[in-house]
Number of protein chains: 2
Amino acid sequence: MATGRTHRPATRSRGIPEATVARLPLYLRALTALSERSVPTVSSEELASAAGVNSAKLRKDFSYLGSYGTRGVGYDVEYLVYQISRELGLTQDWPVVIVGIGNLGAALAGYGGFASRGFRVAALIDADPAMTGKPVAGIPVQHSDDLEKIVTEDGVSIGVIATPAGVAQQVCDRLVAAGVTSILNFAPTVLSVPDGVDVRKVDLSIELQILAFHEQRKAGEEPGADSGPEAAAPAEPAGAAVAPPAARTAQDSGRTAQDSGRKGPDGDMPAVMPA
Amino acid sequence: MATGRTHRPATRSRGIPEATVARLPLYLRALTALSERSVPTVSSEELASAAGVNSAKLRKDFSYLGSYGTRGVGYDVEYLVYQISRELGLTQDWPVVIVGIGNLGAALAGYGGFASRGFRVAALIDADPAMTGKPVAGIPVQHSDDLEKIVTEDGVSIGVIATPAGVAQQVCDRLVAAGVTSILNFAPTVLSVPDGVDVRKVDLSIELQILAFHEQRKAGEEPGADSGPEAAAPAEPAGAAVAPPAARTAQDSGRTAQDSGRKGPDGDMPAVMPA
DNA sequence: GGCTGTGAAGGGCTTCACAGCC
DNA sequence: GGCTGTGAAGCCCTTCACAGCC
C-alpha cells in the first residue's frame with residue numbers, strides 16, 4: 001500500500017530545533033548518572049563533556065527549553081532531569097509493541113533501557129505460529145493476527161519493526177491503520193507512511209558503510225601519501241597497520257555520537273574527479 | 001570538550017559533504033534492487049523516490065561524485081552501483097569484529113547484510129568463558145583475552161561494540177590500541193577515542209525518546225487525541241520561577257522525515273544495550 | 001521534449017564572543 | 001571571578017530554477 005509521500009519540509013517541532021531534540025536524550029542520560037551520584041549541580045562545561053558535545057551547543061540547546069541554570073553556578077541536576085524528561089514526554093509511560101521476534105527483536109525485548117526510560121513493552125508480535133505463546137524476555141509472543149487488537153486495546157502509539165525487509169511495509173501499514181503514529185524501523189527498507197506518522201530508522205549496514213568510507217579515506221591519505229585516492233589506486237585490503245596517531249585525549253573525545261564529524265587533515269583536494 | 005584537538009575548520013576531506021556520504025548507502029541499496037531486476041537505467045526522480053529522498057538532492061549528491069548520468073536519459077544502474085561502491089570503499093572486503101555476544105551481538109552476527117555489502121565478520125568476541133568456542137551464527141565465539149591478537153592478525157580496522165555500557169570504554173580502548181580505527185558503538189555510553197578514530201553510535205533508547213517527543217506533541221495539538229494512553233497535557237514546571245520564554249504556539253506539522261537530518265545514522269540492525 | 005548538472009538563494013545549526021547576573 | 005544566556009556571524013546543507021546536452 002504505501003500510502004502517501006513521505007517528505008515534508010521537516011519543520012521544527014515547537015520552538016525546539018530537531019537537532020536539539022536529538023541531543024536531549026544524551027543530556028538526560030548524563031544527568032541521570034550525575035543524579036545517581038548525588039551530584040547537586042553541574043556547569044555547562046562538565047555536562048557537555050559528559051554528553052560528548054561542546055558547552056556552547058549545550059547552553060544553546062538549553063536556552064530553547066528555558067532558563068534553567070544559574071549564572072555563576074551552573075544547573076541544578078534534579079531540576080534539569082525533570083525538565084528534560086517532561087520536554088521529551090517521558091513523564092508518562094509509552095506502551096511499545098515490537099513486531100518481528102527474531103534475534104534482533106529478542107534483543108530489543110530484553111533491552112533494559114525501556115522501563116527505565118519511560119517505555120514499556122506492551123507486546124511482542126511475530127508471524128510465526130511456532131513462536132506464539134513462547135516467552136521472550138519474560139513476555140509471551142503473540143501472533144500477528146492479533147496485531148490490530150493489541151494496538152487498539154493497549155492504546156499503543158509507538159511501534160518497533162524488526163521484521164525482515166520483505167514484510168516491513170505491510171507490517172507498517174497495519175500498525176498505522178491500527179493507530180500507531182510513531183515507528184522505529186530496523187528493517188533495511190524505506191517505509192512509506194501517511195502524513196502525520198513519524199518514522200525513524202536504524203540501519204546497521206548503512207552505519208558500517210559510512211565507516212568504511214572514512215576508513216578508506218584514512219588509508220589513502222596516511223602520512224606520506226598525499227595524492228588523493230582517486231579512481232585509480234585501489235586501497236589496501238585489510239587496512240590495519242594504522243597506528244593511533246595522537247595520544248588519548250583528556251576526558252572527552254573529539255567527536256562522537258551519531259554525528260560524525262569529518263576530520264581528515266588533508267589540504268585541499270579538488271572536488272571529485274570524473275572517471 | 002576541550003579535547004586537546006584544536007578544531008580545524010572542518011576540513012573537507014575531499015569534496016563530498018558528510019550528509020551526502022550518509023545517503024550513498026541508501027542510493028546503493030535502491031540501485032542494487034534495480035540491478036537485480038535487470039533495470040538498465042533510472043532517472044533521478046525514480047531513484048530518489050526509491051531511496052526516500054527528493055530528486056534535487058539526489059542529483060546534487062551525485063554531482064559531487066562526478067557526472068555519471070546522461071541528460072535526457074538518466075543513470076546507468078550498473079555503472080552507478082560500481083561508482084558508489086568504489087566511493088564507499090566497498091570494492092574491498094572489510095573484516096569486522098563484534099565484541100559482546102549477548103542477544104544483540106548474536107543478532108548482529110547473524111545479520112545477512114554483512115557479506116552482501118562488503119563486510120565480513122572476522123570474529124565474535126565475548127568475555128564470558130562459557131561462551132568461548134560456542135558457535136553463534138556459525139562462527140565460534142572467541143575469548144576477549146585474544147582480542148588484540150585477533151585484531152592484529154586479521155588486520156581488522158572496524159569494530160562493533162555490543163557489550164554492556166560498563167565495559168564499553170575499556171573494550172574500545174583495547175580495540176583502538178590494537179589498531180581499530182572505526183567503531184560502531186551500540187552501548188549507551190559516550191566513548192572517548194584518540195583523534196583519527198571514527199565512532200558512530202546507535203542507541204535504541206535515544207531513538208525512542210525522540211519519537212516520544214514528537215508523539216507527545218501530536219497528542220497535545222490534535223483535537224481528538226486518539227493514540228496516546230493519556231492525552232499528555234503539558235505539566236507545569238515545579239514551582240519554577242522561570243517559565244519557558246518562547247510562546248507555546250507554532251504548531252506546524254513538524255515531524256521529521258525519515259531520512260532524519262542529523263548525521264545520518266540508520267542501519268539494519270541496531271542497537272541497544274542493557275544499562 | 002526529457003532529464004541531468006549546477007550556480008544561486010534560502011534555512012538551519014553551530015560557533016563565537018560577550019553582556020548579564022550570581 | 002565564574003558561568004549562563006544569547007545576538008550575530010559563519011558554515012553546511014537543502015531547495016530552487018534553469019542552462020546545457022541528449
Side-chain angles (χ1 to χ4, degrees), chain A residues 7-13 15-24 27 41-49 52-76 79-80 255 257-262 271-272 274, chain B residues 1-2 5-13 15-24 27 41-49 52-76 79-80 83 241-246 250 252 254 256-257 259-264:
Chain A
H7 312 288
R8 272 225 136 312
T11 37
R12 277 198 178 164
S13 310
I16 309 180
E18 190 56 34
T20 293
V21 171
R23 282 188 295 267
L24 292 181
Y27 302 144
T41 60
V42 265
S43 65
S44 61
E45 198 71 56
E46 298 167 323
L47 183 54
S49 161
V53 303
N54 73 55
S55 64
K57 190 183 288 182
L58 178 146
R59 288 200 302 280
K60 190 64 147 184
D61 283 341
F62 286 179
S63 78
Y64 291 115
L65 308 184
S67 293
Y68 297 148
T70 303
R71 295 170 201 241
V73 180
Y75 300 91
D76 179 274
Y79 187 54
L80 248 193
R255 33 144 291 134
Q258 338 185 267
D259 74 86
S260 49
R262 215 214 210 0
V272 192
Chain B
M1 301 260 97
R5 249 34 240 95
T6 344
H7 359 207
R8 70 177 88 65
T11 42
R12 45 356 186 70
S13 293
I16 308 181
E18 189 57 31
T20 293
V21 171
R23 281 188 295 268
L24 292 181
Y27 302 143
T41 62
V42 265
S43 66
S44 61
E45 198 71 55
E46 297 168 322
L47 184 54
S49 162
V53 304
N54 71 56
S55 63
K57 192 183 289 181
L58 177 146
R59 287 200 301 279
K60 189 63 148 184
D61 283 341
F62 285 179
S63 78
Y64 290 116
L65 308 184
S67 293
Y68 297 148
T70 304
R71 295 170 199 240
V73 180
Y75 301 91
D76 179 274
Y79 188 54
L80 247 193
Q83 291 301 342
V242 198
D252 38 58
T256 344
D259 59 280
S260 79
R262 12 162 243 216
K263 36 304 286 319

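Only this structure's heavy atoms are used, side chains among them; waters, hydrogens and symmetry mates stay out. Proteins get letters first, then strands, A, B, ... in listed order; numbering begins at 1 in each.
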Just N and O in the side chain of [X]: are any of them under 4.0 Å from OP1 or OP2 of [N]?
X: B/Asn54; N: D/dT14; value: no
X: B/Tyr75; N: D/dC22; value: no
X: B/Arg23; N: D/dT14; value: yes
X: A/Lys57; N: C/dT15; value: yes
X: B/Ser43; N: C/dC3; value: no
X: B/Arg71; N: C/dT6; value: no

Starting at atom [atom1] of [X], determine the distance to atom [atom2] of [N], rounded to an integer number of angstrom.
X: B/Asp61; N: C/dT6; atom1: CG; atom2: C1'; value: 13 Å
X: A/Tyr64; N: D/dT6; atom1: OH; atom2: C1'; value: 10 Å
X: B/Glu46; N: C/dG2; atom1: CD; atom2: C1'; value: 12 Å
X: B/Glu45; N: C/dG2; atom1: CD; atom2: C1'; value: 12 Å
X: A/Lys60; N: C/dC18; atom1: NZ; atom2: P; value: 15 Å
X: A/Leu65; N: D/dG5; atom1: CG; atom2: P; value: 10 Å
X: B/Leu58; N: D/dC16; atom1: CG; atom2: C1'; value: 16 Å
X: B/Arg59; N: D/dA17; atom1: CZ; atom2: P; value: 13 Å

Please tell me if the side chains of [X] and [Y] come closer than 4.5 Å, counting only heavy atoms from C-beta onward.
X: B/Phe62; Y: B/Leu80; value: yes
X: A/Lys60; Y: A/Ser63; value: yes
X: B/Tyr68; Y: B/Tyr79; value: yes

- Task: Please round to the nearest 0.5 Å and tell me the distance separating atom OH of B/Tyr64 and atom OG1 of B/Thr20.
- Result: 5.5 Å

- Report the C-alpha distance between B/Val53 and B/Arg23 in whole Å, list the side-chain angles of each, state the deciding distance to 0.1 Å, and finish with yes or no for side-chain contact (heavy atoms from CB on, under 4.5 Å). CA-CA 9 Å; B/Val53 304; B/Arg23 281 188 295 268; 3.9 Å; yes

- Message: Both atom distances under 3.5 Å, Watson-Crick or G-U wobble: I'd like the secondary structure of DNA chain D as a dot-bracket string, with | for pairs made across strands.
- Response: ||||||||||||||||||||||

Looking only at non-hydrogen atoms, find the nearest pair between [X] and [Y] and report the distance.
X: A/Ser43; Y: A/Tyr75; value: C-CD1, 4.5 Å
X: B/Val42; Y: B/Glu46; value: CA-OE1, 3.4 Å
X: A/Ser44; Y: A/Leu58; value: CB-CD2, 3.7 Å

- Query: Where the side chain of B/Pro17 is concerned, which of D/dT6, D/dC13, D/dT14 is the nearest nucleotide?
  - Reply: D/dC13

- Item | Closest to the A/Thr70 side chain, choosing from C/dC22, C/dT15, C/dG5 | C/dC22

- Give one of base, sugar-phosphate or nothing for A/Phe62, where a contact means two heavy atoms less than 4.0 Å apart. nothing

- For A/Val73 and A/Ala19, take the nucleotide of DNA chain C holding the closest heavy atom to each; which residue's nucleotide lies nearer the 5' end? A/Ala19

